[in-house]
A.B. asks: 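Can you read through this structure? Questions will come right after.
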2 protein chains.
Amino acid sequence: MNSVLVVDDDPHIVRALAITLKGQGYTVTTATDGESALHAAAQRPVNVVILDLGLPDIDGTTVIARLREWSAVPILVLSARHGSGDKVEALDAGADDYITKPFGLDELLARLRAILRRNTESSGETAVIETSSFTADLSKRQITKSGQDVRLTPTEWNILDIMVRNPDKLITQQQLLTEVWGPAYAKEANYLRVYMAQLRRKLEVEPGTPRHFITEPGMGYRFVP
Amino acid sequence: MNSVLVVDDDPHIVRALAITLKGQGYTVTTATDGESALHAAAQRPVNVVILDLGLPDIDGTTVIARLREWSAVPILVLSARHGSGDKVEALDAGADDYITKPFGLDELLARLRAILRRNTESSGETAVIETSSFTADLSKRQITKSGQDVRLTPTEWNILDIMVRNPDKLITQQQLLTEVWGPAYAKEANYLRVYMAQLRRKLEVEPGTPRHFITEPGMGYRFVP
DNA sequence: CCGAATCTTGACGCGCTCTTAACGCGCCCG
DNA sequence: CGGGCGCGTTAAGAGCGCGTCAAGATTCGG
């Protein structure tokens with residue numbers, strides 16, 4: 001899922017971090033000097049770099065600067081030095097966070113989560129659902145059918161949103177009614193029939209014989225991509 | 001330029017930080033407890049929040065969570081406690097960075113710069129947006145329409161900025177209102193109608209039939225280049 | 001302290017969406 | 001075989017959301 005590049009000149013630290021991170025579900029690549037770190041980062045895109053400043057060959061700040069020449073990958077810096085001069089230098093060179101050794105593993109992991117959260121949020125995951133007759137982009141709130149944009153009213157969109165987020169799953173009428181209109185309308189099955197017809201007319205190839213918005217008689221509806 | 005909200009229960013620290021930050025060119029708002037901090041953030045959008053965890057009324061982690069309910073503003077946490085438990089809690093609640101007191105001012109400023117750099121980098125990928133009727137240069141804050149420069153008021157610009165940074169994406173009215181006016185104005189859909197009309201009159205070829213600032217009835221607006 | 005630009009606020013009309021009711025059809029069950 | 005229930009379809013009135021305009025309030029610069 002998330003890939004991390006760990007760079008430290010001490011093999012023990014590298015190994016300990018690698019084991020911990022793998023245990024958390026990260027994919028881990030390692031390097032013990034600046035050159036191989038830059039090489040590794042160029043070989044395979046990573047989601048975040050954990051970088052020790054005290055490397056044998058290149059100065060840590062230089063590594064950051066060289067990385068920043070072509071990559072915007074988040075960098076989390078480790079350092080044994082407590083002086084604030086190093087911190088300022090590293091952060092201004094383009095690092096995203098800075099921890100001084102010795103550090104708690106839980107803190108490192110928390111900062112890692114914070115960095116990754118920021119990153120995935122801003123890049124905006126594109127959740128796109130495709131069917132044989134239309135395409136739905138949930139983040140853009142946009143529907144396309146054979147190249148043509150389809151306009152949905154708010155209520156239509158609410159229903160579609162729920163259906164599409166639960167593919168192949170049966171959704172009872174009460175679920176839909178309470179989610180869209182509120183619990184007070186749980187008995188108004190009429191509304192559903194009207195709006196399901198609207199959706200089918202707008203999105204199905206043959207609204208008469210629906211292929212994606214399936215009625216399960218007596219129970220509810222089912223969306224099949 | 002960049003606005004900072006400083007929250008700390010110690011007025012001395014608040015004042016010292018405010019003076020330092022203003023000296024760096026930031027616009028500074030202050031608060032000495034959680035409630036007024038949330039209120040201040042709701043009144044007017046800020047670019048970053050500096051938050052002390054030890055507030056007299058609300059727990060710092062709760063303040064973070066309440067802020068995160070509606071805002072993605074970066075949060076830099078200060079704390080007197082060194083235990084890693086607090087750090088993990090605050091970071092997982094949605095904070096972006098964490099410094100323990102006492103801290104060096106230069107380190108604080110460096111971390112602030114790192115946070116703000118991240119924020120503007122990720123959003124400001126394409127500086128220039130072109131459409132069939134006008135050209136927008138986000139870094140220069142300049143709009144050109146058929147060779148002629150167009151003057152936009154600050155509010156007009158804020159709206160255009162948000163729309164243009166999210167092309168083809170539907171932006172709900174609440175999103176626009178909270179981003180531009182603050183969450184306190186989330187219900188004032190009137191403002192949007194007025195300003196959207198202004199933008200269309202200034203930027204669209206036919207303001208009556210807009211091609212770039214599209215209304216999605218009942219949902220929001222969409223910018224299509 | 002004054003003037004201009006900008007923001008806020010209210011009123012009005014139009015179009016669209018939601019609501020609601022009526023009708024026909026097919027299926028299940030008596 | 002016939003009645004009832006559930007579902008799909010259609011249509012029409014009511015209400016709401018949107019665009020527009022204009023005037024008062026506020027801010028900002030000179």
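Below, chains carry the letters A, B, ... as their sequence lines are ordered, and counting in each starts from 1.
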A.B. asks: D:dT9 P sits how many Å from A:Glu204 CD, rounded?
C.D. replies: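 Computing the A:Glu204:CD to D:dT9:P distance gives 11 Å.
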A.B. asks: Side-chain N or O of B:Tyr185 versus OP1/OP2 of C:dC7: is the shortest distance under 4.0 Å?
C.D. replies: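 For C:dC7, neither OP1 nor OP2 has a side-chain N or O of B:Tyr185 closer than 4.0 Å.
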A.B. asks: Between A:Gln198 and C:dC18, does any side-chain N or O lie under 4.0 Å from OP1 or OP2?
C.D. replies: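 Looking at the OP1 and OP2 atoms of C:dC18, neither is under 4.0 Å from any side-chain N or O of A:Gln198.
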A.B. asks: Over all strands shown, is A:Arg151 touching base, sugar-phosphate only, or nothing at heavy-atom distances under 4.0 angstrom?
C.D. replies: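 Counting heavy atoms under 4.0 Å across all strands, the contact made by A:Arg151 is with sugar-phosphate only.
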A.B. asks: Side-chain N or O of A:Thr153 less than 4.0 angstrom from OP1 or OP2 on C:dT17?
C.D. replies: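 Indeed not, no polar side-chain atom of A:Thr153 lies that close.
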A.B. asks: In whole Å, I'd like the distance from the CD atom of A:Glu156 to the C1' atom of C:dT19.
C.D. replies: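 Spelled out: CD on A:Glu156 to C1' on C:dT19 is 14 Å.
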A.B. asks: Using whole Å, what does the distance between atom P of nucleotide D:dG6 and atom CE of A:Met196 come to?
C.D. replies: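 Those two atoms, CE and P, are 17 Å apart.
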A.B. asks: Give a yes/no answer on whether the side chain of A:Tyr195 brings an N or O atom under 4.0 Å of OP1 or OP2 in D:dT10.
C.D. replies: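 For D:dT10, neither OP1 nor OP2 has a side-chain N or O of A:Tyr195 closer than 4.0 Å.
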A.B. asks: D:dG8, C:dC18, D:dC18: which one has an atom nearest the side-chain heavy atoms of A:Tyr221?
C.D. replies: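 So the nucleotide nearest the side chain must be D:dG8.
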A.B. asks: Does C:dT8 have OP1 or OP2 sitting under 4.0 Å from an N or O in the side chain of B:Trp181?
C.D. replies: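 Looking at the OP1 and OP2 atoms of C:dT8, one of them is under 4.0 Å from a side-chain N or O of B:Trp181.
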A.B. asks: DNA chain D: B:Arg201 or B:Glu216, which has the more 5' nearest nucleotide?
C.D. replies: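 It is B:Glu216 whose nearest nucleotide is closer to the 5' end.
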A.B. asks: So which one's nearest nucleotide on DNA chain D is more toward 5', B:Ala197 or A:Leu192?
C.D. replies: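 Per heavy-atom nearest nucleotide, the more 5' residue is A:Leu192.
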A.B. asks: Could you check how far CD of B:Gln174 sits from P of D:dG17, rounded to whole Å?
C.D. replies: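 Interatomic distance, CD of B:Gln174 to P of D:dG17: 12 Å.
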A.B. asks: Parallel under 30°, tilted from 30 to 60°, perpendicular over 60°: which one fits the rings of B:Phe134 and B:His212?
C.D. replies: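 Aromatic pair B:Phe134/B:His212 classed perpendicular.
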A.B. asks: What is the distance, to the nearest angstrom, from the CG atom on A:Leu152 to the P atom on C:dC18?
C.D. replies: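 Distance check: A:Leu152 CG to C:dC18 P gives 10 Å.
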A.B. asks: Going by atom types alone, do B:Ser36 and B:Asp33 pair a side-chain donor with an acceptor below 3.5 Å?
C.D. replies: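 Short answer, yes.
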A.B. asks: Going by an N to O cut-off under 4.0 Å, is there a salt bridge joining B:Glu156 and B:Lys202?
C.D. replies: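 Here B:Glu156 pairs with B:Lys202 in a salt bridge, since their nearest N and O are under 4.0 Å apart.
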A.B. asks: With a 4.0 Å cutoff (strictly under), does any side-chain N or O of A:Thr155 reach OP1 or OP2 of C:dC18?
C.D. replies: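 Indeed, a polar side-chain atom of A:Thr155 lies that close.
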A.B. asks: In terms of side-chain heavy atoms of B:Asn190, which of C:dA11, C:dA5, C:dT17 is nearest?
C.D. replies: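 Nucleotide nearest to B:Asn190's side chain: C:dA11.
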A.B. asks: Could you check which of D:dT20, D:dT9, D:dC7 has an atom nearest any side-chain atom of B:Val194?
C.D. replies: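 Nearest listed nucleotide: D:dT20.
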A.B. asks: Taking atom P of D:dT9 as reference, at what distance in whole Å does atom NZ of A:Lys202 sit?
C.D. replies: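 Answer to the nearest Å: 15 Å.
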A.B. asks: Can you measure A:Leu176 atom CG to D:dC7 atom C1' for me and round it to whole angstrom units?
C.D. replies: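 The answer, rounded to whole Å, is 15 Å.
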A.B. asks: For B:Gln142 and B:Asp149, does a side-chain donor sit closer than 3.5 Å to a side-chain acceptor?
C.D. replies: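 The answer is yes; a qualifying pair exists.
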A.B. asks: What's the NZ-C1' distance between B:Lys187 and D:dC16, to the nearest Å?
C.D. replies: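 Whole-Å distance recorded here is 14 Å.
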A.B. asks: Do B:Asp137 and B:Arg141 meet the salt-bridge criterion of a basic N to acidic O distance under 4.0 Å?
C.D. replies: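 Here B:Arg141 does not pair with B:Asp137 in a salt bridge, since their nearest N and O are not under 4.0 Å apart.
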A.B. asks: Any chance CZ of B:Arg113 has more than 12 other-residue heavy atoms, nucleotides or ligands included, within less than 6.0 Å?
C.D. replies: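 Yes, enclosed.
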A.B. asks: Think A:Arg193 has a side-chain N or O under 4.0 angstrom from the OP1 or OP2 of D:dC7?
C.D. replies: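 Affirmative; the distance criterion is met.
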